[in-house]
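Here's the structure we're looking at; comments come further down.
Any value given below was found using the heavy atoms of this structure, including those in side chains, with hydrogens, waters and symmetry copies removed.
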Amino acid sequence: MKEFLTVNYCYPPTVHIFNGALKAILGNARWVDSLCLVFFSTILSFSTCATALLLLKNRAAAALTVCFINIYPCVALLSHIKLLDFPHLSLFTLAMFTLLNWQRQPTWSRAILCGIALGAACTTKQIASFFLFAPCLLALLQQLYARRYDRALQLTAAGAIVVAFLAVWVVPNWHEISGYMHRNSGHLGSRTVSTAFFPNLLGYANCAPGLTGYPLLALCLLCLTQARVRQLRSLALPASASLAGIICMSALPFQLPEHRYIAPVLLFPALLCAGQICRFYLEKKQILFAVASFLAVYGAVQFAVLNFSPYPLELPRPLRHALLNTNSDRRGPLEPGFNPTAAGDLWGQQWVVRQCKTAAANQVCWLNMLPSTPELSVHTLCLVSRYEGSNVQPTTSRLWTPLGDKIEFDASSCKNFHFYLLKTGKQGLQFESNASAQNYARIERFVAQGPDYQLLSSKTIQDGSQLSLYIRKDFASAGGAPK
């Protein structure tokens with residue numbers, strides 16, 4: 001049992017258990033990965049709609065809330081990739097709904113369901129607790145202030161369920177977790193909570209355009225200025241979740257800001273904007289309604305462009321840049337892209353695996369991936385290798401740190417790999433130091449210009465860069481016999 005619970009000390013096991021169970025039943029195929037994302041997308045839309053109905057009490061506003069939460073660029077991006085952040089957002093929203101549902105009609109059964117949902121969210125990604133503790137504490141204080149001690153006891157029991165969920169993962173992994181935090185703190189130098197808080201807070205503030213896009217950010221600010229106190233008070237729980245989450249994330253000295261870490265804050269602006277647009281319409285505030293509608297439609301157009309251009313939606317480059325509020329192919333706050341690509345092996349993923357598989361006669365072999373881009377990373381190639389039924393084992397010389405990838409160079413260790421993949425152009429995540437950048441260049445020279453490796457094949461890929469696959473000479477001369 002301990003081995004089962006200590007598979008991953010960085011993240012709790014809920015999503016891993018779900019995905020693993022689904023694959024055990026349906027098989028290990030790409031469509032199963034997509035089905036997992038569809039499942040969490042359904043939870044997100046259902047929970048958002050149910051939450052909006054409880055808070056806004058308007059079906060049109062509930063429908064608009066679902067639209068907003070799904071067209072935010074951050075959510076659209078996360079819903080297409082296999083990170084934990086999208087399940088985290090989905091189960092956070094479900095937990096918020098169960099808490100609000102309990103608050104509307106407190107019963108022991110609803111409190112237990114709330115505890116289970118809260119526990120599932122916190123064991124999807126542990127930072128969910130940063131976003132959920134404030135609304136739970138606020139709900140508890142409301143009951144204590146009203147002297148409803150039986151209801152306070154119900155919510156306390158729900159909290160105990162959450163603690164039990166987390167303890168099952170934290171206790172057996174505590175040694176590794178504390179070591180991980182210590183290593184990250186070491187990479188970041190002498191950062192403490194006090195020295196890291198304001199730089200991190202500013203970093204998360206700069207993430208706002210990447211979370212919502214400029215049109216929907218402007219819409220949120222418009223609605224916030226026009227909202228009445230009573231309407232803001234009705235959104236107190238999701239607002240407190242957003243505020244507490246950002247504060248807690250900013251206080252982490254060993255974690256640098258990324259917009260996906262604070263994705264749960266998007267529930268509040270989605271509710272706020274949907275409620276205010278409906279109020280503008282019902283109260284016949286025509287100018288406000290027209291401006292808000294324009295910004296909402298503009299946000300929907302950005303969603304379409306980000307998801308479907310340049311393929312399958314062909315747009316003139318100037319128009320595309322104008323719609324994305326940028327003047328280059330780099331999307332700025334909305335980068336990286338997540339639009340679908342045309343059929344075929346445009347990024348050379350299958351090409352790399354098949355070349356290695358053929359050269360190694362389908363024996364076990366090790367491939368060192370020097371680039372680390374979303375399309376060409378060790379994680380992507382591991383999946384492709386599995387789908388291809390090959391014995392190619394992708395790995396990398398890159399070591400992740402909060403400041404960027406760390407690279408070390410040792411000539412004797414470099415010879416341990418049967419294949420190397422090199423790439424021109426964009427290489428991926430930045431390096432943590434100049435020394436790592438220099439070591440990366442040394443490895444490239446060792447492979448491309450040294451006496452131990454020879455070029456096996458090359459291929460030009462979607463972004464115009466060239467992939468070069470190198471094979472160790474003694475491995476090639478032995479006809480792929482592993483050494």
* To do: Start with the C-alpha gap between Thr192 and Thr195, add the side-chain angles, then the distance that decides, and say whether side-chain hydrogen bond (donor to acceptor under 3.5 Å, both in side chains) holds.
  => CA-CA 5 Å; Thr192 62; Thr195 60; 3.2 Å; yes
* Asked: So, does Asp405 use its side chain to make a donor-acceptor pair with the main chain of Phe431 at under 3.5 Å?
  -> no
* Asked: Which distance, rounded to the nearest 0.5 Å, do you find between the CG of Leu113 and the CH2 of Trp102?
  -> 13.5 Å
* When the ring planes of Phe131 and Phe92 are compared, do they come out parallel, tilted or perpendicular, using 30° and 60° as the limits? -> perpendicular
* To do: Any chance you could measure Ile262, atom CD1, to Cys248, atom SG, to the nearest 0.5 Å?
  => 12.5 Å
* Is a donor on one side and an acceptor on the other found under 3.5 Å between the side chain of Thr42 and the backbone of Val38? -> yes
* Working for side-chain hydrogen bond (donor to acceptor under 3.5 Å, both in side chains), residues Tyr204 and Glu258 -> CA-CA 7 Å; Tyr204 283 118; Glu258 285 191 41; over 6 Å; no
* Is the side chain of Thr212 donor-acceptor paired with the backbone N or O of Ala208 at a distance under 3.5 Å, no angle test? -> yes
* Ile407 backbone acceptor or donor facing Ser436 side chain under 3.5 Å -> yes
* Asked: Say you draw a straight line from CG of Leu467 to NZ of Lys459; how long is it, rounded to the nearest 0.5 Å?
  -> 8.0 Å
* Check whether any side-chain heavy atom of Phe130 lies under 4.5 Å from a side-chain heavy atom of Leu252, and answer yes or no. => yes
* Asked: Are Asn19 and Lys82 close enough, and set up right, to give a side chain to side chain contact (heavy atoms under 4.5 Å, CB included), and what steps lead you there?
  -> CA-CA 11 Å; Asn19 289 351; Lys82 311 299 188 299; over 6 Å; no
* Under the side-chain hydrogen bond (donor to acceptor under 3.5 Å, both in side chains) rule, what do Gln126 and Tyr11 come out as? Steps first, then yes or no, please. => CA-CA 7 Å; Gln126 58 270 38; Tyr11 300 107; over 6 Å; no
* To do: State the CD-CG distance between Gln105 and Leu54, to the nearest 0.5 angstrom.
  => 11.0 Å
* Tyr281-Phe289 aromatic ring centre distance below 6.0 Å -> yes
* Asked: For Leu216 and Ile71, what are the C-alpha separation, side-chain angles and deciding distance, and is it a side chain to side chain contact (heavy atoms under 4.5 Å, CB included)?
  -> CA-CA 9 Å; Leu216 296 182; Ile71 69 173; 4.0 Å; yes
* Asked: Going through the checks in order, is the side-chain hydrogen bond (donor to acceptor under 3.5 Å, both in side chains) test met by Thr93 and Ser47?
  -> CA-CA 6 Å; Thr93 310; Ser47 302; over 6 Å; no
* **Asp85 and Lys125: CA distance, side-chain angles, deciding distance, salt bridge (Lys or Arg N to Asp or Glu O under 4.0 Å) verdict** => CA-CA 7 Å; Asp85 301 279; Lys125 201 169 185 182; 2.6 Å; yes
* Please tell me if the side chains of Phe303 and Tyr72 come closer than 4.5 Å, counting only heavy atoms from C-beta onward. => no
* Backbone of Gln466 reached by a side-chain donor or acceptor of Thr424 within 3.5 Å -> yes
* Asked: Taking the six-membered ring for Trp, are the ring centroids of Phe18 and Phe39 within less than 6.0 Å of each other?
  -> yes
* In Å, rounded to the nearest 0.5 Å, how long is the span from CG of Leu89 to CG of Leu94? -> 11.5 Å
* **Over 12 non-hydrogen atoms of neighbours within 6.0 angstrom of CG in Asn434** => no
* **Closest non-hydrogen atom pair between Leu237 and Pro135, with its separation** => CD2-O, 3.5 Å
* Given Arg110, Gln142, Arg151, the one that forms side-chain hydrogen bond (donor to acceptor under 3.5 Å, both in side chains) with Gln103 -> Gln142
* **Glu283 atom CD: more than 12 heavy-atom contacts under 6.0 Å** => yes
* Over 60° means perpendicular and under 30° means parallel, so classify the ring planes of Phe294 and Tyr298, tilted if in between. => tilted
* Heavy atoms only: give me the nearest Ser242-Phe268 pair and the separation to one decimal. => OG-CB, 3.7 Å
* Between CG on residue Asn58 and CZ on residue Arg279, distance to nearest 0.5 Å -> 13.0 Å
* Asked: Do the side chain of Ser41 and the main chain of Leu37 share a donor and acceptor less than 3.5 angstrom apart?
  -> no
* Glu375 side chain to Gln349 backbone, donor-acceptor under 3.5 Å -> no
* Asked: Any donor-acceptor pair under 3.5 Å linking the side chain of Ser90 with the backbone of Phe40?
  -> yes
* Asked: Is the count of non-hydrogen atoms from other residues, nucleotides or ligands lying under 6.0 Å from His16 atom NE2 greater than 12?
  -> yes
* Met369 backbone acceptor or donor facing Thr396 side chain under 3.5 Å -> yes
* Is a salt bridge present between Asp33 and Lys23, judged by a nitrogen-to-oxygen distance below 4.0 Å? -> yes
* Asked: For atom CZ of Arg147, is the number of surrounding heavy atoms from other residues, nucleotides or ligands below 6.0 Å larger than 12?
  -> no
